[in-house]
Each structure stands twice: as structure tokens, then as C-alpha cells.
Amino acid sequence: MSFNTSDIPVGVVGLGLMGCSITTCLLMAGHPVVAIAPIEDDLKHAQKRITNHLQHSLEQGLVDHEPDFFLKNLQISMDYSALKNCRLVIECTIENEEIKKSVYEKIEKEIADDAFLVSNTSAIPISILQKLTKHPERFFGLHWAEPSHTTRFLEIICGELSDVKRGEELYELSHKWGKEPTLVRKDIRGFITNRLMYAMYREAFYLVENGYATIEDIDRACINNAGYWMTLLGVFGWMDLTGVQAYHNVMKELFPTLSNSKEVPKLIDDIVKEGGRGVTNGKGFYNYTPEQAKEIEEIFTEFSFDIRNLAMKYNKKMNR
Ligand SMILES: NC(=O)c1ccc[n+]([C@@H]2O[C@H](COP(=O)([O-])OP(=O)(O)OC[C@H]3O[C@@H](n4cnc5c(N)ncnc54)[C@H](O)[C@@H]3O)[C@@H](O)[C@H]2O)c1
């Protein structure tokens, strides 16, 4: 398919953490972007956050131009009518069906009937969200990983009523954003990566709550084990490298002992009920001073560029 991203205006609705990094990614890929702030609070930080992302991307060699070069293509507004010419609108508001529904109504009043409307939801099934829209066939999940302008992850998820052919168009387009997308042709709650990750989170809570290890020990084990191979090999590639037969043997004995709890763990429930939000307000599984919180965010930014470079170097060696 031959097309220029500069001919495809894209809208992003919701300018929180992810809306800002998605906007950055689309600007770097050459799209004109209309970024809608559904709440005034977004206006206070969006332009600054996007500019910072662009500046870091320049410093890290991801792009060759100063932020202003890309910002010329950005319009930030609270007025949904600015979305009129967009061929794709990415909803990126908080994980709340009622709010998402009211946002879809406002978007669909403005965009063409055949323009894409997609959601960055982490966990609400696409088959549910698309029924809140007038044209469910053009509705998809577009699930990004933070920071969206450096990660190559993207899940494109079809709901029951999505037109899979149009999902394939999104799949093509997303290569222009530097993504290595996965097209999930059949809707499933949590899509692919969240199903994998939540299975691991559940087991981590089980081990802590039952006194097998501390939070610190579990994080250290995960960083030093899975953290060393996952970026290169994924799940199945790792089993192949280290011997399929051994996994087969272990599964028979280990699976029956793994947690299959259906409850939200008490440990996280208590933290949330006490207002803990993690690094954002310094209260999570660990506590953070404002200085530590700032430092972690900065280190994570630096790390995300480095791991991207490392992954790309070795993917090339693996002919991927
Ligand atoms: N944070 C992540 O790593 C991550 C990863 C993948 C997907 N997501 C999904 O992306 C979406 C946004 O997540 P985020 O992390 O950017 O959240 P965030 O809290 O940083 O931003 C949420 C945004 O929602 C909008 N919003 C808030 N209240 C609203 C209201 N009353 N009406 C309309 N809009 C309102 C605002 O634009 C706000 O900035 C969610 O659906 C989330 O599940 C997040």
C-alpha cells in the first residue's frame, strides 16, 4: 500500500500519559495531528509533555528535527469539531465506559462515516465498546505500550462487529509509526499481553500474600530472570532455546499448584483504598519521595530508548 502519512490527519482524544506519547509518535511519523483535550487539566501539561518527548527523541537520535518541526503539525483544542477531517481518531480517555461513550458521541458527530474510530483501552472488550458507537464496523482496539513513541508494541484488536479487512488497513498503517503490530482477529478480554501479564501479577501476589517471598525479592527475581531473555525471545522462543521437553515435564507438576484465584488480591486492594496510586503520588507497593519519583521517571525514559536500540540491534541479527 502506498500512502503518505502527511495526507492522513489523525485525531487523539484524551491527553493524559498515553494520549501525549501517542500524539508524539504520530507527529514523528509525519501525520498532522488534532489533539483534543476533553478536560481543562490536559491543557496545562499536554504541549509541554509532547515537546519534552520530542526533545528526548531528538537527543536519542530517533528523529533528526527539532520539536518545532513536528509541533507545526499539531493542533491542541477542546473543540471536537477540529476532528472533522481526521481519517483516524484514537480515544485515549480514562478506563470508564460511560466517559468513553460520551466521548464517542462527540467524535462521531464530527468525523466521516468511514473514518476509523479506535480505543486505547487496556481491558474493556472491544465488542462492548463498539456497541456504544454508530458504526461498529469501523471500530477497533489500538492498544499501545507506554512510552508510545519509543515502544514497538501495538495490538490491533477486532471486536465481534469489526470489519477485519479494515483492521488489516490499520495493521499496514501502523508500520509507518515504527510499530511491529499484532492483529488480534478475535476479541478476547485483556487481549494478548495483558492476559500474559495478569497471569504473572496474580502469581506474584499469591507468593507475597502466602509468605513465600517479599515484594523486593519477587521484583529482583523477575528482573534478573525474565528481564534477561524476554526482550529477545518472547515466550515460545525461550522454551525452544532451553528445551521443550523440560517444560512439558514441569507443567504436569507445577500447573496444579499455581494460583487460580478469581479475587482482586487484598494487598493491592488495601493500597488502592488508602489512595495509593504508585509513583504518581509516592504511595504504592513501595514508597517514593518526590525526588525519587522524578528520578525513576527520568531513568525509565532513558532506559526505554536504550532497550529499544538493543532490541532492534538483536532483532536484526535474528533476521526479524
Ligand atoms: N498507562 C498505560 O500504561 C496504559 C497502557 C495501555 C493502555 N492504557 C489505556 O489508555 C487510556 C488512557 O490511560 P492513561 O494512562 O493515559 O490515563 P491518564 O489518567 O494519564 O489520562 C486520562 C485522560 O482521560 C481524560 N479524561 C479524564 N476525565 C475525563 C472525563 N470526565 N471526560 C472525558 N475525558 C476525561 C483526560 O484526557 C485525561 O488526561 C485508558 O483507557 C488506559 O486503560 C494505558
Side-chain angles (χ1 to χ4, degrees), residues 1-5 8 10 18 21-22 24-31 53 56-64 88 90 116 118 120 122 126 140-158 162 164-188 190-200 222-248 251 300-320:
M1 202 191 292
S2 154
F3 50 76
N4 282 326
T5 47
I8 308 173
V10 178
M18 291 226 71
S21 66
I22 292 171
T24 306
C25 175
L26 297 167
L27 287 171
M28 294 194 323
H31 289 279
H53 288 333
H56 279 133
S57 301
L58 173 67
E59 286 160 13
Q60 296 288 338
L62 224 61
V63 288
D64 297 330
L88 160 67
I90 304 168
F116 286 105
V118 304
N120 182 43
S122 311
I126 301 310
F140 295 85
L142 212 57
H143 185 217
W144 305 64
E146 179 64 15
S148 314
H149 55 296
T150 67
T151 47
R152 292 183 304 143
F153 169 84
L154 189 75
E155 286 173 330
I156 300 159
I157 308 113
C158 300
S162 307
V164 180
K165 280 251 160 325
R166 302 222 56 206
E168 286 165 1
E169 282 175 45
L170 279 175
Y171 182 86
E172 285 290 319
L173 177 61
S174 68
H175 285 89
K176 299 262 185 188
W177 309 336
K179 303 298 165 203
E180 286 191 1
T182 304
L183 181 60
V184 185
R185 290 169 180 269
K186 240 166 77 175
D187 199 10
I188 182 164
F191 322 133
I192 295 172
T193 47
N194 274 340
R195 292 187 74 83
L196 294 172
M197 295 311 298
Y198 277 78
M200 187 174 77
C222 186
I223 289 164
N224 290 328
N225 189 342
Y228 269 48
W229 51 261
M230 212 179 254
T231 308
L232 184 68
L233 290 165
V235 176
F236 293 105
W238 174 245
M239 287 192 280
D240 269 351
L241 181 71
T242 48
V244 177
Q245 178 64 44
Y247 288 91
H248 182 266
M251 281 175 192
F300 180 67
T301 300
E302 192 184 334
F303 178 76
S304 65
F305 282 105
D306 280 353
I307 194 151
R308 175 194 159 88
N309 290 338
L310 199 61
M312 286 177 70
K313 173 178 159 191
Y314 283 93
N315 271 337
K316 224 179 249 164
K317 289 189 186 214
M318 302 274 286
N319 292 322
R320 284 198 295 238

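Note: hydrogens, waters and symmetry copies are ignored here, and every other heavy atom, side chains too, is used.
You'll find the side chain of I22 stays beyond 4.5 Å of the side chain of T24, heavy atoms only. Contact check for T150 versus H53: no side-chain heavy atoms found under the 4.5 Å cut-off. Residues L154 and H143 form no side-chain contact, since every pair of their non-hydrogen atoms from C-beta on lies 4.5 Å or further apart. Considering only heavy atoms from C-beta on, F305 comes within 4.5 Å of H56 through its side chain. You'll find the side chain of R308 stays beyond 4.5 Å of the side chain of H149, heavy atoms only. Contact check for V118 versus L88: side-chain heavy atoms found under the 4.5 Å cut-off.
Residue T301 holds its OG1 atom at 9.5 Å from CD of Q60, rounded to the nearest 0.5 Å. For the atom pair CD1 (I307) and CZ (R152), the distance works out to 10.5 Å, reported to the nearest 0.5 Å. Taking CE of M312 as the reference point, atom NZ of K317 lies at 14.5 Å (rounded to 0.5 Å). To the nearest 0.5 Å, the span separating CG on N225 from CE on M230 amounts to 8.5 Å. Taken to the nearest 0.5 Å, the CD1 atom of I157 stands 10.5 Å off from the CG atom of L170.
With hydrogens and angles disregarded, no donor-acceptor distance shorter than 3.5 Å links the side chain of N315 to the backbone of R320. At distances below 3.5 Å, not a single donor-acceptor pair connects side-chain atoms of S174 with backbone N or O atoms of P181. Looking only at distances, no side-chain donor or acceptor of S57 sits under 3.5 Å from a matching main-chain atom of L62. In terms of modelled atom types and a separation under 3.5 Å, the side chain of S21 and the main chain of P147 share no donor-acceptor contact. Looking at N120, its side chain never comes within 3.5 Å of a backbone N or O of G141 through a donor-acceptor pair. A distance-only check finds a donor-acceptor pair linking the side chain of H175 to the backbone of Y171 [under 3.5 Å].
Of all the heavy atoms in S122 and F191, the pair that sits closest is O-CE1, 3.5 Å. For the residue pair E146 and F300, the shortest heavy atom distance occurs at O-CZ, 4.2 Å. Here the closest non-hydrogen pair linking I192 and V184 is CD1-CG2, 3.9 Å. The two residues W144 and L26 make their nearest non-hydrogen contact at CH2-CD2, 4.4 Å. I126 and C158 get closest at one heavy-atom pair: CG2-C, 4.3 Å. Closest approach of I156 and G167 over heavy atoms only: CG2-O, 4.1 Å.
Ring planes of W177 and H31: perpendicular class, angle over 60° (limits at 30 and 60°). Using cut-offs of 30° and 60° on the angle between ring planes, the pair W229 and W238 is parallel.
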*List the steps, then state whether side-chain contact (heavy atoms from CB on, under 4.5 Å) holds for L233 with L241.*
CA-CA 9 Å; L233 290 165; L241 181 71; 3.6 Å; yes

*Begin from the C-alpha positions of V235 and M239 and carry the test side-chain contact (heavy atoms from CB on, under 4.5 Å) through to its verdict.*
CA-CA 7 Å; V235 176; M239 287 192 280; 4.0 Å; yes

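Counted within 6.0 Å of OH on Y247, heavy atoms from surrounding residues, nucleotides or ligands total more than 12; the atom is thus considered enclosed. Counting non-hydrogen atoms of neighbouring residues, nucleotides and ligands closer than 6.0 angstrom, the CG atom of N224 exceeds 12 such neighbours.
A cation-pi arrangement is present between R166 and F116 under the rule of less than 6.0 angstrom and at most 45 degrees off the ring axis.
Ion pairing between E155 and K179 fails under the 4.0 Å rule for side-chain N and carboxylate O.
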